[in-house]
*Asks:* 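Quick one: structure below, then a few questions.
Keep in mind it's a predicted model, so treat the numbers as computed, not measured. Residue numbers start from 1 in every chain, and the chains themselves are labelled A, B, ... in the order their sequence lines are given, proteins ahead of strands.
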Amino acid sequence: MDFGFNEEQELLRSQARDFLDRECGSARVRELMATEDGYDEGMWRRMVELGWTAIPFPEQYGGLGLGIVDLVVVLEEMGRHTTPAPLQSSVALAGTTLLLAGSEEQRARLLPGICDGTGRGTVALVEASGRWDAHGVQLRAQQSGDAYVLRGEKLFVPDVHVSDWMLVATRTAENSGDGLTLLLVDSRAPRVRTRRLGTIDQTRRLFEVGFDDVEVPADAVIGAPGRGWAALRRGLDRALVAVSAELCGTAQRAMEMSVDYAKTRQQFGRPIGAYQAVSHKLADMLVQVESAKSLTYYAAWAVDNDVPEAPLAASMAKAYASDAARWVTGAAIQVHGGIGFTWEHDAHLFFKRAKWGEATFGDAAHHRARVAEALDL
Amino acid sequence: MDFSLSPEQQRFRDDLRGWLHENLGDFAPSGRAQSAETAAPLETIGRRAQVEIERGRAWQRRLFEGGYAGISWPREFGGRGGSIIEEMIFNQELAEAKTPPLINVIGLYMAGPTIIAHGTDAQKSRYLAPLLRCDEIWCQGFSEPNSGSDLASLQTRAVRDGDRYVINGQKVWTSLAHVAKWCILLTRTGGEKYGGLTYFIVDMESPGVEVKPLRQITGDAEFNEMFFTDVRVPAENILGSEGEGWRVAMTTLMHERASLGVGLQVRSRIALEELRTLARATMEDGRSRAADPLVRQRLAQLFIECEAMRFNGYRGLTRMLRGEQPGPEGSINKLMWSEVNQRIADAAMEVMGPAAMLSPDDPDSPGEGRWSYLLLRSRANSIEGGTSEVLRNILAERVLGLPRSR
Ligand SMILES: Cc1cc2nc3c(=O)[nH]c(=O)nc-3n(C[C@H](O)[C@H](O)[C@H](O)COP(=O)(O)OP(=O)(O)OC[C@H]3O[C@@H](n4cnc5c(N)ncnc54)[C@H](O)[C@@H]3O)c2cc1C
């Protein structure tokens with residue numbers, strides 16, 4: 001038993017923090033969030049050079065052969081900096097799903113690109129119902145000869161504008177299994193329509209994606225036909241851990257900023273941190289941030305080792321981190337007073353990132369319901 | 001990062017399970033007397049019928065004889081010489097097996113570790129083994145009527161007289177004083193607030209020690225008032241040295257909070273599992289309360305928080321294994337635990353509906369009264385061992401480095 005990070009992971013963390021402090025300060029984040037693509041290809045290349053995109057993949061595909069625990073280290077730091085980059089969507093979600101559910105041919109074809117940053121993937125799951133589960137998937141993929149024809153719309157698809165391919169959850173005719181089929185679709189295929197959505201977190205890019213009779217060959221199936229949810233599930237659990245890690249980093253930074261401010265800002269002749277209405281709020285932030293981290297690290301270990309309670313652990317982490325990050329980043333604004341409400345101050349970057357993270361892949365209530373299910377309540 | 005047990009740890013756990021299976025026997029939980037014990041050891045150390053105290057002693061003695069006392073204490077003092085991970089496994093397994101609580105909690109988790117850290121060789125060999133065997137029960141005389149959260153303002157005086165000290169004053173809320181042989185007593189020997197304190201080991205059978213029970217919210221009398229009138233204590237009974245009492249007391253309090261944090265969340269989780277059973281069995285309009293989405297959300301949240309405490313505890317252990325002392329972060333889990341335990345009781349009341357109006361001793365009170373008892377008893381959780389407000393002060397000042405609020 002050992003519940004800490006090892007030396008290499010600590011090194012990875014300090015490297016990541018140095019790099020992001022240097023290249024991804026809030027001024028740069030603000031510049032990037034105002035651009036159309038919302039990220040910087042040069043910065044992305046340097047992240048690739050640091051090995052971040054290769055972390056959770058086996059060496060045979062050009063990966064580093066590490067795990068989600070290691071990815072968590074990097075994502076926490078990215079959460080601290082509200083870094084705009086398609087790492088979450090391409091590596092933590094699409095890449096891990098392909099690794100866990102794809103055929104050997106599919107993995108050999110696509111994962112090297114994920115690892116060396118020349119290819120990017122994403123996942124299209126949610127539809128108008130707003131549900132993050134299998135029931136929410138209604139987009140039809142009609143089998144026609146050796147092909148599937150997709151028709152319908154997906155929402156909240158991350159980073160599709162910079163992706164080469166996407167994994168699309170579709171409903172197919174099969175009565176067996178879970179009724180879904182996960183299909184690999186070229187993001188630039190004819191009759192794929194994309195529309196950028198306005199996002200509360202401007203460092204994130206989300207899209208509506210329309211499929212107007214988009215045809216894909218039968219070998220585009222990831223996993224087995226009629227077993228699309230099963231194919232997606234394990235990748236989604238990893239994405240839950242990844243988002244939780246980002247939320248931890250964001251909340252931690254918002255807390256640290258608040259603590260610093262409470263030590264220096266004076267009112268009534270004393271630093272505001274000397275008032276318990278302020279200092280106890282900060283203590284509660286600490287409790288929540290540390291607890292979110294503990295649940296996230298455990299979940300990361302659980303998915304890396306595929307222990308039976310891994311899905312439960314992932315949902316517990318996501319539920320707690322979602323609530324914690326919302327509360328902590330909101331309280332951070334309060335501790336800063338008027339300045340915390342301004343556009344110039346960074347508090348809103350954290351608050352908005354926390355809202356994205358809370359709502360994506362199911363909010364706290366969604367995951368508590370899943371926990372209740374898993375606990376056989 | 002590795003949350004799995006090593007082969008040796010697994011062997012330790014399996015051996016312990018086997019041992020418990022063979023030895024728990026007549027100590028296994030039974031009936032109402034036991035009902036309240038699910039929630040916390042501290043709730044169970046009170047003024048029970050002598051037979052309960054004797055049962056607790058016998059249980060701890062059996063553990064000692066089986067080689068399961070003082071898991072991480074050095075062998076030379078009667079301990080097992082194991083790791084703190086084994087100590088944690090031990091606490092978890094005992095909770096899972098619903099064993100009687102360790103009656104000598106104050107000895108095991110407060111006095112003992114403090115003696116190991118600050119005691120002389122003579123003190124270690126005199127006190128530790130009888131403590132582990134439960135031949136001698138310990139109590140903690142820190143709080144006074146006018147000094148609770150502001151502990152260092154205490155006024156119980158110790159005055160040197162040759163090779164002895166003469167002690168006069170009053171302590172309050174002293175759990176177990178009515179059955180204790182020894183008391184860790186914090187006294188004032190000088191004028192300086194923190195530098196004027198001295199930490200004694202006092203024989204409760206000394207002339208001039210008087211113990212009076214205090215009845216509490218539950219109707220039990222777990223704790224006491226203690227009066228000291230010209231109590232003579234040998235100078236060799238000082239732990240640390242004169243004027244060093246505050247530093248020694250901090251060791252006691254850190255260990256108290258650290259052990260509360262690690263051991264109690266397991267008991268909270270077990271209480272929650274029992275609450276799940278209660279929710280399933282309680283019907284409203286022909287539907288199980290466990291099917292109500294609001295109840296499900298509430299219980300799931302409590303489970304998540306229990307797990308968070310478990311992993312917080314693990315991370316704290318790792319820091320200790322890497323050579324750090326239990327630090328102020330121990331306060332995180334103590335703070336969380338007291339609130340979670342109170343919310344478990346609140347959730348149970350919601351599940352129970354109108355039965356929440358019944359007293360714990362009413363025959364129809366669900367769970368043999370344990371939930372109503374927990375409702376009352378858990379109000380102390382955010383007071384004993386440092387109030388939640390004081391713990392937030394500690395986190396703010398000692399962990400986050402904020403200016404002092406006083
Ligand atoms: C069941 C039980 C068992 C106990 N067992 C023992 C024992 O065995 N030995 C022992 O020595 N003691 C024991 N205690 C005593 C316990 O440690 C004290 O009750 C506790 O430290 C609080 O002190 P107090 O009761 O004097 O409350 P006070 O310190 O008077 O506090 C009253 C209120 O004021 C708040 N407050 C005080 N100071 C501050 C501050 N600086 N900032 C913000 N809020 C503040 C507190 O949080 C609390 O809400 C026990 C208590 C209980 C309930």
*Asks:* With a 4.5 angstrom heavy-atom cut-off, is it the side chain or the backbone of B:Leu335 that approaches chain A, or both, or neither?
*Replies:*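 It is the side chain, since no backbone atom gets that close.
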
*Asks:* Please tell me if the side chains of A:Tyr320 and B:Glu307 come closer than 4.5 Å, counting only heavy atoms from C-beta onward.
*Replies:* no

*Asks:* Relative to chain A, which segment of B:Met1 carries a heavy atom at a distance below 4.5 Å: side chain, backbone, both, or neither?
*Replies:*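 The answer is both parts of B:Met1.
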
*Asks:* Can you tell me which portion of B:Glu389 sits under 4.5 Å from chain A's heavy atoms? Options are side chain, backbone, both or neither.
*Replies:* both

*Asks:* Do we see a donor-acceptor contact under 3.5 Å between the side chains of A:Ser279 and B:Ser405?
*Replies:* no

*Asks:* Where on A:Tyr275 is there a heavy atom nearer than 4.5 Å to chain B: the side chain, the backbone, both, or neither?
*Replies:*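 No part of it gets close to chain B.
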
*Asks:* Are the side chains of A:Ile333 and A:His345 in touch, meaning some heavy atoms are under 4.5 Å apart?
*Replies:* no

*Asks:* Tell me, side chain or backbone of B:Arg319 under 4.5 Å from chain A's heavy atoms, or both, or neither?
*Replies:* neither

*Asks:* For the rings on A:Tyr297 and A:Phe5, is their centre-to-centre separation under 6.0 Å?
*Replies:* yes

*Asks:* B:Ile394, B:Val399, B:Leu402, B:Leu321: which one forms the most heavy-atom pairs within less than 4.5 Å of chain A?
*Replies:* B:Leu402

*Asks:* Give me the ring orientation class for A:Tyr298 and B:Phe311: parallel if the planes are under 30° apart, tilted from 30 to 60°, perpendicular past 60°.
*Replies:* parallel

*Asks:* What part of B:Leu5 is in contact with chain A, defined as an atom under 4.5 angstrom from a non-hydrogen atom: side chain, backbone, both or neither?
*Replies:*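 For B:Leu5, backbone and side chain are both near chain A.
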
*Asks:* According to the interplanar angle, ranging from 0 to 90°, do the rings of B:Tyr68 and B:Phe12 count as parallel (below 30°), tilted (30 to 60°) or perpendicular (above 60°)?
*Replies:* perpendicular

*Asks:* Is the distance between the ring centroids of B:His255 and B:Tyr109 under 6.0 Å?
*Replies:* no

*Asks:* Name, in order of residue number, those residues of residues 286-296 of chain A that have a heavy atom at a distance of less than 4.5 Å from a heavy atom in chain B; otherwise write 'none'.
*Replies:*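 So far as heavy atoms go, A:Leu286, A:Val287, A:Glu290, A:Ser291, A:Lys293, A:Ser294, A:Leu295 are the residues that approach chain B to under 4.5 Å.
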
*Asks:* Side chains of B:Arg289 and B:Thr282 only: does a donor on one sit below 3.5 Å from an acceptor on the other?
*Replies:*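 Judged by distance alone, the side chains do not pair up.
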
*Asks:* Check each atom of B:Val295 against the heavy atoms of chain A and say whether the ones under 4.5 Å are side chain, backbone, both or neither.
*Replies:* neither

*Asks:* Relative to chain A, which segment of B:Arg280 carries a heavy atom at a distance below 4.5 Å: side chain, backbone, both, or neither?
*Replies:*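 Contact with chain A is through the side chain of B:Arg280 alone.
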
*Asks:* Out of B:Arg315, B:Met336, B:Gln301, which one racks up the most heavy-atom pairs below 4.5 Å with chain A?
*Replies:* B:Arg315

*Asks:* Find the one option among B:Asn312, B:Leu391, B:Leu395, B:Ile332 whose heavy-atom pairs under 4.5 Å with chain A are most numerous.
*Replies:* B:Asn312

*Asks:* Quick one, B:Phe303 with A:Arg368, criterion side chain to side chain contact (heavy atoms under 4.5 Å, CB included). Give me CA distance, side-chain angles, the key distance, then yes/no.
*Replies:* CA-CA 9 Å; B:Phe303 268 107; A:Arg368 277 193 294 269; over 6 Å; no

*Asks:* How far apart are the closest heavy atoms of A:Ala251 and A:Ala325, and which atoms are they?
*Replies:*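 Smallest heavy-atom distance, with atoms named: CB-CA, 4.1 Å.
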
*Asks:* Starting from the C-alpha separation in whole Å, work towards a yes-or-no answer on side chain to side chain contact (heavy atoms under 4.5 Å, CB included) for B:Arg11 and B:Asp14.
*Replies:* CA-CA 5 Å; B:Arg11 198 165 330 110; B:Asp14 294 343; 5.8 Å; no

*Asks:* For chain B, which of A:Leu375, A:Val69, A:Asp323 has the most heavy-atom pairs under 4.5 Å?
*Replies:*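 Of the candidates given, the most pairs with chain B belong to A:Leu375.
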
*Asks:* Which of the residues B:Leu299, B:Ile304, B:Thr277 is involved in the greatest number of heavy-atom pairs with chain A at under 4.5 angstrom?
*Replies:* B:Ile304

*Asks:* Testing the basics here: between B:Val266 and B:Gln92, what is the closest heavy-atom pair and its distance to 0.1 Å?
*Replies:*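 That would be CG2-CG, 3.7 Å.
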
*Asks:* Mind ranking A:His280, A:Met316, A:Lys263 by heavy-atom pairs under 4.5 Å with chain B and telling me who comes out on top?
*Replies:* A:His280

*Asks:* So does A:Asp260 pair up with A:Arg265, basic N to acidic O under 4.0 Å?
*Replies:* no

*Asks:* Heavy-atom distance under 4.5 Å between the side chains of A:Leu240 and A:His367, does that happen here?
*Replies:*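 Yes, at least one pair of side-chain atoms sits under 4.5 Å.
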
*Asks:* Among A:Leu312, A:Asp304, A:Asp376, single out the residue with the greatest number of heavy-atom pairs under 4.5 Å to chain B.
*Replies:*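 Answer, by heavy-atom pair count under 4.5 Å with chain B: A:Asp376.
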
*Asks:* Kindly indicate whether the side chain of A:Phe361, heavy atoms from C-beta on, has any atom under 4.5 Å from the side chain of A:His366.
*Replies:*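 No, every pair of side-chain atoms sits at 4.5 Å or beyond.
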
*Asks:* Counting only heavy atoms closer than 4.5 Å, note whether A:Ala369 contacts chain B via side chain, backbone, both or neither.
*Replies:* both

*Asks:* Non-hydrogen atoms of chain B under 4.5 Å away: do they reach the side chain of A:Glu256, the backbone, both or neither?
*Replies:*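 Neither part; nothing is under 4.5 Å.
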
*Asks:* Chain A heavy atoms under 4.5 Å from B:Gln9: which part of the residue, side chain, backbone, both or neither?
*Replies:*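 Side chain only.
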
